[in-house]
Protein chains: 2
Amino acid sequence: MTDDAVETRRTAPATLHDVAREAGVSLATASRSLNGSTRKVNEEYRQRVLAAAAKLNYSPNLSAQAVARGSTTTVALLVADIADPYFSQMAAGVVREADRERLIVTMAATERDTERELDLVRTLRGQRPRVMILAASRREDDPNNDALEAELQAFESNGGRVAFVSSAAGAFHAVQLDNRAGAEALARELIGLGYRRFAAVTGAEGIRTADERLAGFRAGLEAGGGTLDRIVRPAFTRDGGYEGMTQLIEEGLDGIELVFAGNDVMAVGAMSAIRDAGLTPGTDVAVAGFDDIPTVRDVTPPLTTVRIPLEEVGRRALRLALDEPGAADESPVHTEVVLRDSTPRRG
Amino acid sequence: MTDDAVETRRTAPATLHDVAREAGVSLATASRSLNGSTRKVNEEYRQRVLAAAAKLNYSPNLSAQAVARGSTTTVALLVADIADPYFSQMAAGVVREADRERLIVTMAATERDTERELDLVRTLRGQRPRVMILAASRREDDPNNDALEAELQAFESNGGRVAFVSSAAGAFHAVQLDNRAGAEALARELIGLGYRRFAAVTGAEGIRTADERLAGFRAGLEAGGGTLDRIVRPAFTRDGGYEGMTQLIEEGLDGIELVFAGNDVMAVGAMSAIRDAGLTPGTDVAVAGFDDIPTVRDVTPPLTTVRIPLEEVGRRALRLALDEPGAADESPVHTEVVLRDSTPRRG
DNA sequence: ACACGCCGGGAAAGCGCTATCTCACTACGG
DNA sequence: CCGTAGTGAGATAGCGCTTTCCCGGCGTGT
């Protein structure tokens, strides 16, 4: 009694060869019947092949097809953190659009480590995906940037397509998020609501997204006569927001009316910190974020933020990579200030 | 002047053959040098091959490897909705564990459509993944269940591994979520806090997760002398929660002290509905959820819920599929009631 | 000194497919 | 009635790899 006898009989998957034999046709005919070949095939044969395939529970081996065809049906997606709503919303968009194109998405997380990112790009390149979408946040001065660019360049010159999600992506196509303009518009609106004295809680210097948003916000304030009195730069995460806000409170808010968080998860963390300090967000100190992740409608008070249509961003990233260069819409994604109760009009 | 001349020279990726030629060794030696073969290869040759590979920016074609080896390094993951934190947290766990094993994750979303799910399983089977993880919610009586089971059975008999995330998965391995016990424990605790009259807002009948949680909750109440006065069953989503709660309020809460939502996103929606109706969640009517997604710490008041370690669930699902049968830990995942301010002690 | 095993490189046979090429067969115009 | 285009099925040459299998060269024991 061998081990094999114990578990369910393990059989190799049916191959096209098996199907052809079962149907009594040649390999070529079987292949032509099962996937839209240009060649016509006698209807009777076709039916025989289809029946045989069904009978044998045939499932075409995508790897073999990829090797034979010299191209895959795969899209690779790189994000910083899958559990972060910012990225998971985007990923949902990519997956949805990929599905429409009957493409399969492989997903990896850089965990915000550029070394890892480079590694992942190298590995994923082995898949020969049609497209690689890089949505993980870029850092300005990273030592790995050059290597990454080289790797992607190689990928493109081998016929792959690259799409970034970011504001600028060097030589590559990108879905442009106009962080600067969005933050600037937000600042103006807040000034309009009567705020004058601000602080910012945002990610470390060098994270491009964080830098751009801060710069835009500052520009908007200056134009309107507001002042950015304090800036803290903890991690670009929910806990970073909490921590940064706590620090701000401990050092004394003295007069700060509104805290601008570099993204929504930070804003949410900041609100918790405010509350834990015995203050009321919105009333004692206003809070604004960026992204408009779903959660922020449900916190109290609902958060003022800059809306980015994240799912659409994901979809557009894929389209951008798939469509003929030129045909694709490379205009910046439309962002929009959404005022909610976390920034009440100031008496 | 051809089109080719316009864009960057498009060259085929370097093949192992190219590397071998460049290094002046045979194909076999190149192959053996570049991936941990059992066979030893002369250190000098090895270095030559490595250098050649680096020079040519060689990236092994994973599809070709898969065909030649007859096995892949892929894991397929099916979830209902990637943007839903419940699933994205789990996905993050799967991806992390997969990364540890140097496996690549391909991800698809069923959008809660069992037809699609079946389709996706069929497609993904073509990848010949080592593992398929099905985390999308099961429905009790779905007409596609048999076909799905057959498909998975075929996959397993071809040497693939299947792991479900759910309470029961027929013949397949599963990471068990003890929804029933969790909900029952929650009910007991709530009774202990002084609540007696309850309503439930949960997903449609037939969604196994929803049914089990409701049954458990009911059992807990009965044991403790509480009553479940009303049940509404909208969609199993945030908006469903909002809608269900609105309905409850419109029909009159008369005496209901606490609303149990079938999951956290529903609870969050319900809290918004309560607030939009001019009431205060926690004070006017208490709310409890299930899952403990990150968001619920940050809503006001923080939500009482049953904690599921979602990331761990994802990791365990992969381990379960990868490890030798028997070696894997198939005990139900530990759930834990987390009392927060949305259910203050009563009277 | 010689047979014998071991070591490790190279040739080559696949892996499951696709796509090109071949070729028997039909149909049709001159 | 023959030559010539189509047609469409089948044979086959790959695709980029891995992994046998073969074989020459070396070290050892007698």
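Quick note: numbers below take in every heavy atom, side chains included, and nothing from hydrogens, waters or symmetry partners. Chain naming here is simple, since letters A, B, ... match the order of the sequence lines and numbering starts at 1 in each. Just so it is clear, the model here is predicted, and its values are computed rather than measured.
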* Return the 5'-most residue of the pair B:Arg128, B:Gly24 with respect to DNA chain C, ranking by each residue's nearest nucleotide. => B:Gly24

* **Distance in Å, A:Arg139 CZ paired with A:Asn145 CG, rounded so as to fall on 0.5 Å steps** => 9.5 Å

* Is the distance from OP1 or OP2 of D:dG10 to the nearest side-chain N or O of A:Thr29 less than 4.0 Å? -> yes

* Could you state the atom-to-atom distance from CG of A:Asp18 to P of C:dC15 in whole Å? => 11 Å

* Asked: To the nearest angstrom, how far is A:Glu44 atom CD from D:dG8 atom C1'?
  -> 14 Å

* Asked: Which atoms form the tightest heavy-atom contact between B:Leu77 and B:Val105, and what is the distance?
  -> CB-CG1, 4.1 Å

* How close or far is atom P of D:dG8 from atom CZ of A:Arg46, stated in whole angstroms? -> 14 Å

* So, does the side chain of B:Arg32 form a donor-acceptor pair with the base of C:dG10 at under 3.5 Å? -> yes

* Proximal nucleotide (of C:dT18, C:dG8, D:dC17) relative to the B:Arg39 side chain -> C:dG8

* B:Asn144 side chain to B:Ala147 main-chain N or O, any donor-acceptor pair under 3.5 Å? -> no

* For B:Tyr58 and D:dC17, is the shortest distance between a side-chain N/O and OP1 or OP2 below 4.0 Å? -> yes

* To do: Give a yes/no on whether any side-chain N or O of B:Gln65 is located under 4.0 angstrom from OP1 or OP2 of D:dT18.
  => yes

* Rounded distance in Å - CG (B:Asn42) to P (D:dG24) -> 20 Å

* Rounded to the Å, how far apart are A:His17 NE2 and C:dT18 P? -> 15 Å

* Asked: If you look at every strand shown and take non-hydrogen atoms under 4.0 Å, does A:Arg69 touch a base, only sugar-phosphate, or nothing?
  -> sugar-phosphate

* To do: Tell me which nucleotide among D:dG16, C:dT18, C:dG9 gets nearest to the side chain of B:Tyr45.
  => C:dG9

* **First of A:Ala28 and A:Pro13 reached from the 5' end of DNA chain C, by closest nucleotide** => A:Pro13

* Structure fact -> Rounding to 0.5 Å, atoms CZ (B:Phe172) and CD (B:Glu149) come to a distance of 5.0 Å

* Verify the contact: side-chain N or O of B:Ser26 to OP1 or OP2 of C:dG10, cut-off strictly under 4.0 Å; return yes or no. => yes

* Using only side-chain N and O atoms of A:Asn61, determine if any of them is under 4.0 Å from OP1 or OP2 of C:dC15. => no

* Asked: For the side chain of A:Ala64, counting heavy atoms from C-beta on, which of D:dG16, C:dC17, D:dC17 is nearest?
  -> C:dC17

* **Nearest-angstrom distance from the residue atom CG of B:Leu16 to P of C:dG9** => 15 Å

* In whole angstrom, give the distance that lies between atom CZ of B:Arg48 and atom P of C:dG9. => 11 Å

* Salt bridge flag under 4.0 Å for residues B:Asp18 and B:Arg21 -> yes

* Asked: Over how many whole Å does the gap from A:Leu34 atom CG to C:dC17 atom C1' extend?
  -> 12 Å

* Carefully, step by step, assess B:Arg128 and A:Ser59 under the rule side-chain hydrogen bond (donor to acceptor under 3.5 Å, both in side chains). => CA-CA 9 Å; B:Arg128 304 286 184 271; A:Ser59 160; 3.3 Å; yes

* On DNA chain D, nearest-nucleotide positions of B:Leu27 versus A:Val41: which is more 5'? -> A:Val41

